[in-house]
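As the structure is a prediction and not an experimental result, all values here were calculated from the model. Residue numbering restarts at 1 for every chain, and letters A, B, ... go by the order of the sequence lines.
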Amino acid sequence: MPSTSIKILPKIFTYQKADKLKSRKQTQYLFAKGQSMNAFPIKLIYTIESVEQLSAVLPSPFLNLADIKENGQLQAGVGAPSRTFRKAVLRNRVKRLLREAYRLEKPAFIASKPFQGFRVNLFFLYTDATILSSADIQDKIKQLLMRLSEKFNTISKA
RNA sequence: CUACAAACCCGAGCUAUCGUGGUAAGCAAUUACCAAGGAAAGUCCGGACAGCAUAGGGUAACCCACCGGUGAACAGCCGGCGUCCUCGCAAGGGGGCAGAGAAAGUGCCACAGAAAAUAACUACCUCGCAAGAGGAAAAGGUGAAAACGUGAGGUAAGAGCUCACGAAUAAGACAAGUAAUUGUUUUAUAGGGUAAACCUUGGGUGCUGUAAUGCCACGUAAAGGAACGCUUGAGAACGACUCGUUCAAGUUCCAGGGUAGGCAGCAAGACUUCAUCAGUAAUGGUGAGGCUAGAUAAAUGAUAGUUUAGAAACAGAAUCCGGCUUACGAGGCUUGUAGUACU
RNA sequence: GGUCCUGUGGCCGAGUGGCUAGGCAAAGCUCUGCAAAAGCUUCUACAGCGGUUCGAAUCCGCUCGGGACCU
């Protein structure tokens, strides 16, 4: 029976509510403080912060600092500007493709580095008017995440 | 047969792998089920629902405008009346109509033309040698539009000035029809168009929108500055203004600080499928079935295969319904127009 | 989600129902030894469709584009 073999496989290619960058305030903070890198037509905005930095900057009661210290936090969002994509159908299409690509590349990124004690926020923006194929977008996301992983290494050492 | 146009139907199915939102079960891992549209769009109308107000009058603003029906309601829909366009020899067919009032008043009508609404250039008649004065509104020409049409009488010349026939408008009576209206008849009238110019008449309309609203949690600054006022009344409510009524000791503005989490609203309804009955129809009644999205940086996707002539078009729910408008692929079916071929 | 404004040549911009001003730019000519400046000439427009009217950039309806505001 194939169903038994499926049960054994661990679920890793996920993109659930906990993985999504949902808080309005957190998103505004990310756009204000975050750094960016480009892999045209996709732009990645990110923040990488340790628990100590967070507690100094953001004394919010909603931040579960203990949980971050133990497990780390990785949240990501995607966006397609309504100025370049006027139709809601096209915006949805772009966001779905970005989410799908991130979902498939995420396990490799997680395996590259332990997250304990760090909060990592990502936001992927699509900046062109023409929509690339699914394989191309996944390739771009892969490049971005590899570069981010190198950056993360230098930060965590320091 | 081909092309175009219009109306209607339909808006892909299945399999595999990896995933998304919700509901239910489970301690959990997980499992099962459900998961965008005909327009979800534009926001052009009409409602439901919620909060505030309910003490109103006048003015203003906005909307509607042949009649009847339908319906929760409507500028929608259905049927009829009138009118215009078009096809046709005709009978009749098809399509459009913001379809009250120009005889309450005001304004406007370029150019041309004598004159664009109290008519008079040429021509006509009378008087006069002439210049000109008076009469009259038939003929000419201009214009989008020129002061009822034809014939006869009448006259100096003419004129609805009079008469006959015809056409028009308004009012009354009678007949048909629920009514708009139509027919007959009587009386009166001769006033060009424009109300999608102001306007008049009749009818109607509280305001704000689910990010409404109610509750829970967390946090801050009950501090500072300015203006007005405390019964000689600042200000607030009654959508605007005003009158009036009620409340009233604080109110408004500036700069700054905090939060931006959760629950309800929120998914079974003017719902929908089939059958049947009433009705010309829109639509309604009855019976039997169905449950059919509910997110909050916001869910349906990616990859591969397959069926097929092809998988493509327009396009993504955000409180919910009824309409209207606009966008749209392939195929099917019906109608119309044009062309070609055959008889 | 809701409300409102706006669209006139390549650009800016006037236009109260009657022939769409003006400026800048572009092209050509004159002037000059060559250019600049100046002068003359030309070119290119009422967002689209439909309606009202004798006549529409203007009035009305629908559509498309641009912008602003509220929460």
Side-chain angles (χ1 to χ4, degrees), chain A residues 1-49 51 54-112 115 118-146 148:
Chain A
M1 283 287 104
S3 59
T4 54
S5 63
I6 291 167
K7 273 185 179 175
I8 295 165
L9 286 171
K11 269 199 149 177
I12 50 171
F13 298 104
T14 56
Y15 184 64
Q16 292 176 330
K17 272 192 171 181
D19 303 325
K20 293 178 186 172
L21 183 64
K22 295 165 85 75
S23 164
R24 189 193 191 88
K25 199 172 187 179
Q26 206 171 324
T27 314
Q28 283 179 355
Y29 176 80
L30 171 61
F31 274 89
K33 302 267 178 172
Q35 297 175 283
S36 68
M37 57 173 67
N38 262 307
F40 185 82
I42 299 166
K43 183 178 187 181
L44 171 64
I45 300 170
Y46 65 95
T47 56
I48 300 172
E49 292 152 306
V51 175
L54 280 175
S55 55
V57 175
L58 282 173
S60 171
F62 299 106
L63 267 178
N64 193 344
L65 289 174
D67 185 55
I68 291 174
K69 197 160 195 168
E70 195 165 330
N71 298 319
Q73 188 184 39
L74 172 64
Q75 291 187 322
V78 298
S82 62
R83 187 163 287 276
T84 45
F85 299 101
R86 294 212 160 271
K87 308 279 188 188
V89 170
L90 296 178
R91 284 199 300 277
N92 281 350
R93 168 97 189 143
V94 169
K95 283 152 76 178
R96 277 171 189 155
L97 287 172
L98 288 173
R99 273 198 293 265
E100 180 72 10
Y102 174 69
R103 180 176 74 79
L104 293 173
E105 292 299 327
K106 191 181 66 161
F109 179 60
I110 291 174
S112 70
F115 283 86
F118 285 93
R119 186 180 79 164
V120 179
N121 284 351
L122 311 173
F123 201 93
F124 296 94
L125 268 178
Y126 200 88
T127 53
D128 197 32
T130 55
I131 301 175
L132 295 178
S133 74
S134 169
D136 287 344
I137 289 176
Q138 190 175 339
D139 190 48
K140 298 283 185 187
I141 296 269
K142 191 174 184 177
Q143 291 177 24
L144 282 171
L145 288 178
M146 281 170 66
L148 184 66

Next on the checklist: Taking syn as a glycosidic torsion within 90° of 0 and anything else as anti, which one is B:rG160?
Outcome noted: syn

Item to check | Of A:S134 and A:V78, the one whose closest RNA chain B nucleotide lies more 5' | outcome: A:V78

Checklist entry - With nearest nucleotides of RNA chain B determined for A:K87 and A:L104 from heavy-atom distances, which residue corresponds to the more 5′ nucleotide? => result A:L104

Checklist entry - Within a radius of less than 6.0 Å around CE of A:M37, do more than 12 heavy atoms belonging to other residues, nucleotides or ligands occur? => result yes

Checklist entry - Taking only N and O in the side chain of A:R96, is any of them less than 4.0 Å away from OP1 or OP2 of B:rU300? => result yes

Checklist entry - Within less than 4.0 Å of OP1 or OP2 of B:rG301, is there a side-chain N or O belonging to A:R103? => result no

Item to check | Sugar-phosphate, base or nothing in reach of A:R99, heavy atoms under 4.0 Å | outcome: sugar-phosphate

Checklist entry - Looking for any heavy atom pair under 4.0 Å, which part of the strands does A:K95 touch: base, sugar-phosphate only, or nothing? => result nothing

Checklist outcome for this item: When both distances are under 3.5 Å in a Watson-Crick or G-U wobble arrangement, the nucleotide paired with B:rU181 is B:rA176

Which nucleotide in the set [options] lies at the smallest distance from any side-chain heavy atom of [X]?
X     : options                  : result
A:K20 : B:rU300, B:rG301, B:rG21 : B:rG21
A:A88 : B:rG19, B:rA317, B:rA298 : B:rA317
A:T14 : B:rG19, B:rG316, B:rA302 : B:rG19

Next on the checklist: Work out how far the C1' atom of B:rA24 is from that of B:rA288, and round it to whole angstrom.
Outcome noted: 29 Å

Checklist entry - Distance between the C1' atoms of B:rG58 and B:rC238, in whole angstroms? => result 15 Å

